[in-house]
Amino acid sequence: MTSRTTAPVRVRTDRIGTTGLVYLALVAILLGGAALAATGGHNLLGTANVVDMLTRSSLLGFAAIGQTMVILCRSLDLSVGYVMALCSVVAATTMAGDPARIGLGIAAALAVAALIGLVNGLVITRLKVNAFIATLGTGLIIKGYLDTQYKGPAGEVPAIFQAFGYTRIGFVPLSAAVMIAVAVLAVLFLRTTRTGYHMYAVGGDADVARMSGIRVDRPVIAAHVLCSMAAGAAGLLIAARFGTGSTLVYASGYELESIAAVVLGGTYLLGGRGGVAGTVAGVLILAVLDSLFNVLAVDPFFKDVLRGVIVIAAVAIYARRQVDRGAGRPRFSGGGADAGAGGVGAAPPPVPAGREGGRT
Amino acid sequence: TTDVPDDDDAAAAGPAPDQEWFDPEEFERQLAQREITPEGPEDQPWLQAIEPEMVDTGEYRLEGEEAEAPTVCFSNASVSNPWRVTGWITMQQQVEVLQDSGEIGEFRVSDAADDDNQQISDIQAFVDAGDCAAIIISPSTTATLTPAVEAACESGAPVIVFDRGVDTDCAVTFIHPIGGYAFGADAAEFLVEELEPGSTVLALRILPGVDVLEHRWAAAQQVFGESDLEILGHEFTEGDGAQIKDLVTQYLQRGDVDGIWMDAGDGAVAALEAFEDSGRPYPVISGEDELSFMRKWQEEDITAIAPVYSNFQWRTPVLAATRILNGEEVPEEWVLPQEPVTAADLDDYLERNADMPSLHYAKFGGEDLPGFPEAWQDR
Amino acid sequence: MSAPPSDPPLLRMSGIGKSFLGVDVLTGVDLEVRAGEVHALVGENGAGKSTLMKILAGVHSADAGVIELSGRRVAFDHPVRAQQAGVSTVFQEFNLLPERTVAENVHLGREPRRRGRVDARRMADDTARLLGDLGLAGISPHSRVRSLSVAEQQIVEVVKALSHDARVISMDEPTAALAGHEVALLYRLVRRLRDRGVAVLYVSHRLKEIFDLCDRITVLKDGRRVDTVEAGRTTSEELIRMMVGRPVSAFFPGKAEGTEPGPVRLEVVRGGNDRVDGIGLRVRGGEVVGLAGLQGSGRTEIAHALFGIDRFTRGELRVDGRRTRIRSPHQAVRSGIALVTEDRKTQGLALHQSVLANGRLVLDAVLPTRARRGARRLPGFFSSLELVARDTAQEVRFLSGGNQQKVVLAKWLATEPAVIVLDEPTRGIDVGAKRAVYALIRELAASGVAILLISSELGEVIGLADRIVVLHDGRIAGELPGGSGEEDVMALAVGHRGAEEDAS
Amino acid sequence: MTRSAVRTAPGSLVREAAGRLAGGGSGTVFALLVLIFAVVFALNPSFAEPPSLLAFVKKAAPLVILAVGQYLVIVSGELDLSVGSLVGAQVVIAAALIDGEPDRTVPVVLLMIAFGAVVGLVNGLVTTVLRVPSIITTLGTMLVLYGAIRLWTGGAPTGALSEAFRQPGRGGIEDLPVIGQLPWALLILLAVGAAAIVLMRLPYGRMLVATGDNDTAARFSGVRVWRVRTVAFVLSSLLATVAGILIGGYAGVTAQVGDGLEFMAITAVVLGGVVLGGGRGTVVAAMAGALTVEALFTLFNQLSLPSTIQPTVQGLIIIAAVGYAARERTRRSPRSAEPQSPQPDTPMEPSRDGSR
Ligand SMILES: Nc1ncnc2c1ncn2[C@@H]1O[C@H](COP(=O)(O)OP(=O)(O)OP(=O)(O)O)[C@@H](O)[C@H]1O
Ligand SMILES: Nc1ncnc2c1ncn2[C@@H]1O[C@H](COP(=O)(O)OP(=O)(O)OP(=O)(O)O)[C@@H](O)[C@H]1O
Ligand SMILES: O[C@@H]1[C@@H](O)[C@H](O)OC[C@H]1O
Ligand SMILES: [Mg+2]
Ligand SMILES: [Mg+2]
């Protein structure tokens, strides 16, 4: 269904970067989806649906932006869902319905998030526990705390703060605008700060980074702190949208979904390559698909099937590109059976500048 | 152990955890409601109501063209457990009837797969679409869905909430069986009655934090508190049969368990098997009107009760929608009857549902719908 | 141009001692490097050269001894401390991030900032200036390192080291991955540094380089300094004697008497793909054919195509007369081909597995029915190769480089191949181990195996091969008999027909 | 001047055997396992009686079997997140297709095995041929299975399992002296465990570990890496099928079967000292890891630890155990900032014989 729209650009996909490809895919899916929805008499690009897409993307967006940083460092965070739940509760119980305590609630939630990120980072870098296990472990710890301490939703979010979840600027939901702003900040952070540079370095090759004087633990810890804080922001958004703190959010699978969004956005799972811009596109792709499925009234379980297939297919395509790129510049036009037709376009050989010096 | 907000906050936010979900007034009310004969057609419990206070819905009445096949929108929390699956089938069958009669046109559904945020978006999408003549909501969790339900109410379309509640009464009607307190008390009272004083009871729960389930346990605690039974413990099982069986087995290794109280019955068989496999006599047990449990109960002649969280409530919201769109009055809080299955009517219910799959619910109330029985059999 | 000997040395290391887990690796080593001097550090594998450099670089800390820079005592606990003090090191493994640009790599860990933000422009400008100063303006600061050739990457390494305003630069086997003209490029670079008054400490196993480039030579053996000599006052033979502790005669073993080449075992007819073209090769049983050429000329590509890692998309391949199409290493082994790859750590060994498991891996993978029998013969191969390991259950990562290479060789010998392709079989291994490899090659030839030998050390190809096929830019430039002059080989390799134009 | 060749030091056979059993960082898991059991026995001496232990084994068998499958995949350098969904899918398939008819048991079990093999094959081929990182492949499979099965059954399981189907997980050889019932689950577990140990000593096992250690070197040694890994995925899925049969047999069909088992299995394997990333660790240690996880839950119960706090303790113990094992691994080797340098954790032979 979407091949029609992607076909003309396919020729040039090798020239554009992966991020470009992801955005092309986003546009293709948006147009293809709109066409498909139109056949059913729906307008996917109508305000209501666009608002819906943007709203859907903001929550996952926060989580995925943070996850991007962690993955760039060749780490992983499986605790984001639990952090989101905890922070929503912390924010809502701290605010306790009092508009004067909004600032305090935000600060408390983000501080708790930062602390968890710090713990994750320290456990991974200092205790040398594999990130997968470390963050799974912190997740479990938080889950136990939440289940023991809170028997359900807790706290109350003042109406003004709920605006964060419901206000729109034009047709853009405030939460989506904030998410995009955070994404822009994250891009700037990665591209203009030393820590950002060092995240790529550590994810690319920790030994190289270490030998170059980078204290390799630091970017990793920073990434985990930022990732948790992004999850904390998602928790704030949850509190705003729910009007209360919700402990059960952790069951919604945000950790795996955020990882899926990150790789869908073209970031390399083994670190060192990719970025937040791609992730945003990845998140939007998932949101567009969700809205489309909704408009087309696709069975929710079928959505899971499609999501699974799409994520695998997308990553398979990136992997293919990676393989092609690794193959290097061909010297001879390959493949043909004719041996003679070979080296027509052969590049001039590198000629050494004479053998300097002599024998002793 | 963890980096947590200061505990004072959490403690200050509510009463002691065990009391948090206990509302004595509501508890008393539900216990009393069990005794009240509901109003409405006797053979159609889904249309009955206990002590209804009718509200006028004239403002929602559709006229002329609008009244022809109006679009009804339904935001479902999920179909992630057999109880909900059974109910969802029933609802669809009911919708078909109404569509055939032209009372409903499009029935637009979104399913949030247990994700609150998703459901908020789903409801928002209905509101934004602007063409829902009525919006039915089966909320995923109580407090969190409240703002979204309020937003739906503000859209002008009549809103119908059923099953789990929300903290607002903006909906035209809130449909639910008597409730969790009644469920939990039915089960606990049965155990108290059947067991010798001093007997031991193990409570098995699915997960914390869901109001309907918490109410059941809160009521049970209340009842047990006034009894001479010894409560060995209460454990969360996530409804997973393997966990249930393992937990019960371990309790049996440590000593006798005379009674089992459950907050949802679909794992009851696994609990009973733990007794079988350990070579212990069956306990006195409370389950739910789920057939696998009821069949086991009959086969093994167990001392048991099946409290019911009336599954037929899934028919009511769509019927309510058509009434509202016709301007007919409906109960503001539509409390449906909720009566446990006891040894006395066990055989009757099993016979009626003889061809139904084991994860079906006896009181599904769809026998008169055209799709019966295939629709519930071929899931 | 080197500073007079009376000047105080820029760098002085005295009495350096280091032990790992109770084993002394360095004992009382003294070393002085003067400004404007290229100082070679030579010794067998495991002699302690890299350890000494790493102590200087701040990677390891010495157990004993003193390091002085311009007479001031220093001790570095991290490479960066050393760099700040003007001591930079080019380690043997590449220390670059392939996904980042040249400029980003050069400034890695010390990105310049302006108003709190990384100053990308300054990074690019500085890098361009450094490259320009060295006459290397051809490399763009904005290129991704991944897109550069191996030699260019090596140069970026040096530039990175230089960017610290280094007064002392040490290089650990900088040419190990380079060949021909690229070595020349590096020579130029080193000489420029020397002329600027930088003290260069240079580790290499290639004696020719030592004599071409270095002013003085320090020889290490078993962690002790044997001597420091003026390059002009010694000979290769003398050096080798100091390194090994015994005279090395007949470095390249001659052909065993009476071995006549057998039937053709490997034949390639007009083989080609997108990196090589028109490849014709015939190797007889008992014959050693050398494959020479510059870096990137396609030698490894031929080996990979023969072995099914890549493919020939054109032409024909015959093994023992049978026409075969090889699409995977698995098929290659089945057809009787073995390949000793050029990089043993990344391509040759499963480092966390035992010596035995590595040794029998090919048998396990390709000839499982013969695996048990083949594995029983492995200890024999290990001892004939003089493998030194605690036992065969020891993980290969604990072995020294030369011993690791012996495990690789044993692994292939156990398959009783018809054809062995050896790609840089002696890279990074010491003289003693080299001799063992040379002897093995001869023995194999004598037993009727066809051998294709790829090496960037011309002396090796010339000394061992019966015939030398020279590649140039993916095609065969010509063929020479074994024992030909280096100049003749080079002339073909760089694309000149004939030897007259060789500069000297 | 002959150099001593490979010497086999005295006692090295014992050391080799011990090392093989325990693997690199897996000493921790055996210690932990013993410790947990000691505490459990102390708290409740009756737990040491055969029937209780056998009941424990019955419950633990599925996870141990899943851990074996997960081990095969992890040691080859990959990860299988789909096993939990697969267990759930298999139980639901069994219930739906058998639908209480005893004669359908065998054909349905055969079908399940075929289905398991197909899932493993897809996981393996997508990962090896399409080069999708396995964490993504199997995450996708997890979603697909989860959705597809519910799509098929309308959300919750339907049908019923037959008595025969339930035998392996629930039944056993009855009426034995002392122990009472000898569970089939134990026999199946022993068979799987023994087969796994044998498998790891066969060429395939060595290829698998070598592939996880360095897949390029393995490929260049003639190992058909894609095949070896795909087979590991297929075995993992088949073992998940066996685990599904046992779990379904043990407790019947519920909607939640299998939820979260993938993380339990991975946790178990890692707790066993098997390194994520491949090439290190033994299958015995992985099985011990699974037993440890199950023993931990038993301990929590014996301690009457409220079930809500259990995850917290579980999380702390996992982190502590893995951290401790990692510390053990690095502590025994010198600190070194050397890039890519092997970090020997045993003294090495001086490279020249002459010196000592
Ligand atoms: N981190 C380490 N732990 C234990 N032993 C080590 C370590 N690094 C080096 N060694 C040992 O120290 C000795 C000297 O090694 P070093 O790498 O300095 O030798 P080298 O002269 O550079 O050899 P090569 O020519 O092979 O590079 C060797 O026996 C080596 O095994
Ligand atoms: N431009 C390139 N891009 C990607 N890969 C390359 C490129 N050039 C060479 N390679 C790969 O690097 C390896 C070596 O290449 P090649 O055979 O051309 O060099 P060689 O003559 O063997 O030189 P050396 O072995 O010294 O690197 C081969 O595996 C080849 O496929
Ligand atoms: O979904 C819930 C179901 O699981 C429980 O059994 O009854 C109440 C419902 O809301
Ligand atoms: Mg060295
Ligand atoms: Mg090469």
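Labels below follow one simple rule: chain letters A, B, ... track the order of the sequence lines, proteins then strands, and each chain is numbered from 1.
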Check your understanding: With side chains defined as the heavy atoms from C-beta onward, is the minimum distance between A/D52 and B/S121 less than 4.5 Å?
Key -> yes

Practice item. Check whether any side-chain heavy atom of A/T47 lies under 4.5 Å from a side-chain heavy atom of B/D128, and answer yes or no. Key: no

Rounded distance [0.5 Å steps], [atom1] in [X] versus [atom2] in [Y]:
X      : Y      : atom1 : atom2 : result
B/Q118 : A/N294 : CD    : CG    : 6.5 Å
B/Q124 : A/T55  : CD    : OG1   : 6.5 Å
A/K303 : B/S110 : NZ    : OG    : 7.0 Å

Taking non-hydrogen atoms and a cut-off under 4.5 angstrom, which of [range] neighbour chain B?
range                       : result
residues 224-242 of chain A : A/R241, A/F242
residues 159-177 of chain A : A/Q162, A/Y166, A/R168
residues 244-251 of chain A : A/T244, A/S246, A/L248

Check your understanding: How far apart are the C-alpha atoms of A/S252 and B/N117, what are their side-chain angles, what is the distance that settles it, and do they pass the side chain to side chain contact (heavy atoms under 4.5 Å, CB included) test?
Key -> CA-CA 9 Å; A/S252 304; B/N117 186 54; over 6 Å; no

Review point. Side chain, backbone, both or neither: which part of A/F301 has a heavy atom under 4.5 Å from chain B?
Key: side chain

**Study point:** Toward chain B, the part of A/N43 with a non-hydrogen atom under 4.5 Å
**Key:** neither

Toward chain A, the part of [X] with a non-hydrogen atom under 4.5 Å:
X      : result
B/A148 : both
B/V79  : both
B/E238 : side chain
B/A143 : both

Point to revise | Most chain A-contacting option - heavy-atom pairs closer than 4.5 Å, from B/D122, B/D167, B/D114 | key: B/D122

Point to revise | Where A/G243 and B/P147 come nearest, the two heavy atoms and their spacing | key: N-CG, 4.0 Å

Exercise for review: Identify, with sequence neighbours excluded, every residue that meets side chain to side chain contact (heavy atoms under 4.5 Å, CB included) alongside B/A188.
Suggested key: B/A220, B/V223, B/F224, B/W261

Check your understanding: Under 4.0 Å between a Lys/Arg side-chain N and an Asp/Glu carboxylate O for A/R56 and B/D115?
Key -> no

